[in-house]
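Predicted, not measured: the structure shown is a model, and the values here were computed from it. The chains referred to below are lettered A, B, ... by the order of the sequence lines, with proteins before strands, and numbering in each begins at 1.
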Amino acid sequence: MAGPGGGSSDVQWCFSQVKGAIDDDVAEADIISTVEFNHTGELLATGDKGGRVVIFQQEPESKNQPQCRGEYNVYSTFQSHEPEFDYLKSLEIEEKINKIRWLPQKNAAQFLLSTNDKTIKLWKISERDKRPEGYNLKEEDGRYRDPNTVTALRVPIFRPMDLMVEASPRRVFANAHTYHINSIAVNSDYETYLSADDLRINLWHLEITDRSFNIVDIKPANMEELTEVITAAEFHPNQCNTFVYSSSKGTIRMCDMRASALCDKHAKMFEEPEDPNNRSFFSEIISSISDVKFSHSGRYMMTRDYLSVKIWDLNMETRPVETYQVHEYLRSKLCSLYENDCIFDKFECCWNGNDSVVMTGSYNNFFRMFDRGYRQDVTLEASRENSKPRSVLKPRKVSTGGKRKKDEISVDSLDFNKKILHTAWHPLDNIIAVATTNNLYIFQEKLN
Amino acid sequence: MSEEVEGTRTLNEQQEMEDKVISPEKAEEAKLKARYPNLAPKHGGSDFLRKRLQQKGQKYFDSGDYNMAKAKMKNKQLPSAPTEKTEITGDHIPTPQDLPQRKTSIVTSKLAG
């Protein structure tokens with residue numbers, strides 16, 4: 001059956017791997033909070049509510065099995081952030097990892113930025129596969145030798161050892177945010193990055209931890225006048241002076257850092273006009289943008305609001321060029337979704353490598369892909385029931401009308417506790433990582 | 001003539017139906033208002049956003065109160081530890097035993113298992 005794919009409508013998706021515990025009793029610390037491939041796709045990082053980062057590495061393709069690309073296995077895992085207590089404000093600071101962003105590789109080591117609500121950390125992940133042996137003053141187990149017993153001198157040499165992957169914090173960027181950090185984004189200059197909280201955006205230099213520049217401040221003089229907050233921010237992929245930030249009111253502002261030090265005045269504002277007749281209590285809530293992502297080309301950007309994904313041409317501010325409905329059937333369920341807080345769920349979205357397909361998550365462990373060229377979309381499910389190796393995923397369908405066809409699931413049967421908020425697409429290949437509450441699924445394109 | 005009247009009525013009904021069909025959101029809004037008549041008419045105002053910015057679970061600790069309470073308790077008989085954890089509110093000065101335990105040991109993520 002045809003499905004969306006890069007340039008071809010015949011891509012079929014197969015189950016590849018699933019990581020995480022099988023049991024339904026989910027510990028809060030195990031809830032996955034972010035997923036990110038590195039620039040080559042060789043490494044895949046996840047962050048969780050317990051402040052831990054797990055990095056998977058793709059095995060090199062084996063000659064025996066050219067049918068499938070390498071599997072992802074654990075490469076490194078470390079505790080990135082710990083729970084803290086702000087004594088001044090009597091507030092707990094959660095250790096949950098909100099975002100991970102990889103730096104492009106410059107030397108043998110890998111670097112990534114991880115952030116919780118208040119503090120960003122730069123982590124260095126390095127390999128050690130040799131160790132020095134043959135010390136004069138130390139035994140092999142580390143005990144010191146009595147110098148009097150040393151009768152001859154030798155030169156220590158490096159011997160191979162089992163690969164050890166070490167993660168060490170190289171920089172800690174702290175105390176720059178009063179409100180909760182929702183985004184970090186590395187600049188294309190690979191020297192600076194931005195961090196955004198609900199009301200402010202700061203610009204950092206990767207080498208400097210004791211200061212950062214505030215580049216956006218939307219905090220009103222009187223908090224009673226507060227009408228919107230910043231929900232996400234990103235740097236342009238190749239214009240180092242340009243960044244965008246989205247708001248809870250459904251607008252996206254593009255700023256040019258060359259214009260002024262404080263970018264409170266936007267260079268462009270992207271907003272779709274609203275039909276005043278259709279306005280309801282829920283309108284503003286469901287228009288809040290939960291994620292914004294530039295296309296790899298830098299020509300477009302994608303935004304995710306509660307019910308849809310929109311593609312914007314950076315040259316046109318008046319309306320999006322494409323709009324895709326993720327789960328329009330939820331529009332008639334908004335009342336109960338407001339009551340159970342699901343209406344505030346923040347879904348992310350992502351582009352495939354050549355910007356031809358976009359993906360985002362939904363409920364019931366469903367996720368959706370929209371092929372921009374072929375104007376096709378598909379709904380797939382991340383579930384252990386379809387987890388036979390290399391089994392092809394069957395498209396799923398939610399029935400909205402009265403008559404439910406076989407294999408369809410009715411809107412009222414959807415499990416709203418099974419939400420896919422975080423998804424990632426390999427930068428080059430058709431490999432995707434989909435996070436359910438506490439499991440990470442990896443799907444690959446079926447290769448013949 | 002009666003046909004005309006019937007025609008108009010049908011048109012009104014059709015308008016109502018169309019409203020519901022065109023705007024399921026408005027139908028949902030009506031449902032919400034029916035369940036919560038006291039809900040603020042304009043949502044998305046500063047109240048909502050301020051709640052979003054506000055941290056939940058603010059725990060207030062005053063070392064002066066705490067030490068004074070400890071001193072007072074020395075003179076009285078120590079109350080037995082409550083069998084169930086009741087919520088700490090009001091005049092009760094929390095003691096270390098009352099606070100929920102934060103995990104101290106670092107457990108490896110199950111994704112790495």
Side-chain angles (χ1 to χ4, degrees), chain A residues 19-21 27 29-30 32 46 48 50-56 74 76-77 79 82-83 85-87 89-93 117 178-180 198-199 220 223-229 248-249 277-286 288 331-339 344 438-440, chain B residues 15 17-66 88 93-94 96 99-113:
Chain A
K19 310 276 184 192
D30 292 325
I32 299 172
T46 61
D48 65 21
R52 301 164 300 194
V53 170
V54 182
I55 301 175
F56 302 92
V74 179
S76 170
T77 175
Q79 185 81 30
E82 301 259 11
F85 193 77
D86 181 341
Y87 295 99
K89 295 184 190 164
S90 295
L91 291 168
E92 281 182 347
I93 300 171
D117 284 339
T178 309
Y179 303 99
H180 290 340
D198 289 323
L199 297 179
M223 282 298 266
E224 304 278 322
E225 292 163 5
L226 182 68
T227 53
E228 64 185 329
V229 294
S248 54
K249 272 187 154 176
N277 293 329
N278 280 338
R279 194 167 171 78
S280 77
F281 175 88
F282 305 110
S283 298
E284 194 172 302
I285 306 175
I286 62 172
S288 176
R331 201 180 286 270
S332 50
K333 299 283 168 202
L334 291 177
C335 181
S336 35
L337 292 169
Y338 177 83
E339 287 177 309
F344 301 108
N438 66 330
N439 284 175
L440 182 72
Chain B
Q15 193 72 48
M17 266 174 61
E18 267 177 22
D19 275 350
K20 276 213 182 110
V21 167
I22 286 170
S23 180
E25 260 182 66
K26 291 228 172 104
E28 289 295 297
E29 183 175 3
K31 226 191 269 178
L32 192 71
K33 284 201 174 129
R35 287 189 204 173
Y36 307 100
N38 297 326
L39 206 57
K42 191 197 183 296
H43 200 80
S46 53
D47 282 342
F48 166 53
L49 286 175
R50 264 189 289 143
K51 189 171 160 211
R52 180 184 169 146
L53 294 181
Q54 201 179 65
Q55 333 279 23
K56 31 183 182 180
Q58 214 161 0
K59 297 181 171 75
Y60 290 99
F61 178 77
D62 186 318
S63 59
D65 282 348
Y66 175 70
I88 313 294
I93 308 293
L99 294 174
Q101 290 301 315
R102 293 231 61 154
K103 62 168 171 51
T104 47
S105 60
I106 294 168
V107 181
T108 314
S109 162
K110 297 204 178 90
L111 289 184

Novice: Just by distance, do the side chain of B:Lys26 and the backbone of A:Asn277 share a donor-acceptor pair under 3.5 Å?
Specialist: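 Yes, B:Lys26 side chain to A:Asn277 backbone: donor-acceptor pair under 3.5 Å.
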Novice: Which heavy atom of A:Ile32 sits nearest a heavy atom of B:Leu111, and at what distance?
Specialist: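 The answer is CD1-CD1, 4.0 Å.
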Novice: Run through B:Lys33, B:Glu25, B:Glu29 and flag the one making a side-chain contact (heavy atoms from CB on, under 4.5 Å) with A:Phe281.
Specialist: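 The residue from B:Lys33, B:Glu25, B:Glu29 that satisfies side-chain contact (heavy atoms from CB on, under 4.5 Å) with A:Phe281 turns out to be B:Glu29.
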Novice: Examine the side chains of A:Glu339 and B:Tyr36 and answer whether a donor and an acceptor come within less than 3.5 Å of each other.
Specialist: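 Yes - a donor-acceptor pair under 3.5 Å links their side chains.
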Novice: I need the B:Ser109 OG to A:Lys19 NZ distance, nearest 0.5 Å.
Specialist: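 That separation rounds to 11.0 Å.
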Novice: Given a strict heavy-atom distance threshold of 4.5 Å, which part of A:Ser283 is in contact with chain B: side chain, backbone, both, or neither?
Specialist: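 Looking at A:Ser283, backbone and side chain both touch chain B.
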Novice: So which heavy atom on B:Glu28 is nearest to which on A:Ser332, and how close?
Specialist: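 Heavy atoms of B:Glu28 and A:Ser332 come nearest at OE2-O, 2.7 Å.
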Novice: Heavy-atom distances under 4.5 Å only: say whether A:Tyr87 touches chain B with side chain, backbone, both or neither.
Specialist: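 Neither part, no heavy atoms under 4.5 Å.
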Novice: At a heavy-atom separation under 4.5 Å, does A:Ile55 approach chain B through its side chain, its backbone, both, or neither?
Specialist: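 Neither part.
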Novice: Is A:Thr77 in contact with chain B via its backbone, its side chain, both, or neither, using a 4.5 Å heavy-atom distance?
Specialist: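 The side chain, not the backbone.
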Novice: Tell me, side chain or backbone of A:Asp86 under 4.5 Å from chain B's heavy atoms, or both, or neither?
Specialist: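 No part of A:Asp86 comes within 4.5 Å of chain B.
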Novice: Given the options A:Ser280, A:Ala27, A:Pro220, which has more heavy-atom pairs under 4.5 Å with chain B than any of the others?
Specialist: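 Result: the option with the highest number of such pairs is A:Ser280.
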Novice: Just give me the residue among A:Leu440, A:Asp48, A:Leu334 that pairs up with chain B most often, heavy atom to heavy atom, under 4.5 Å.
Specialist: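 Counting heavy-atom pairs under 4.5 Å, the top option is A:Leu334.
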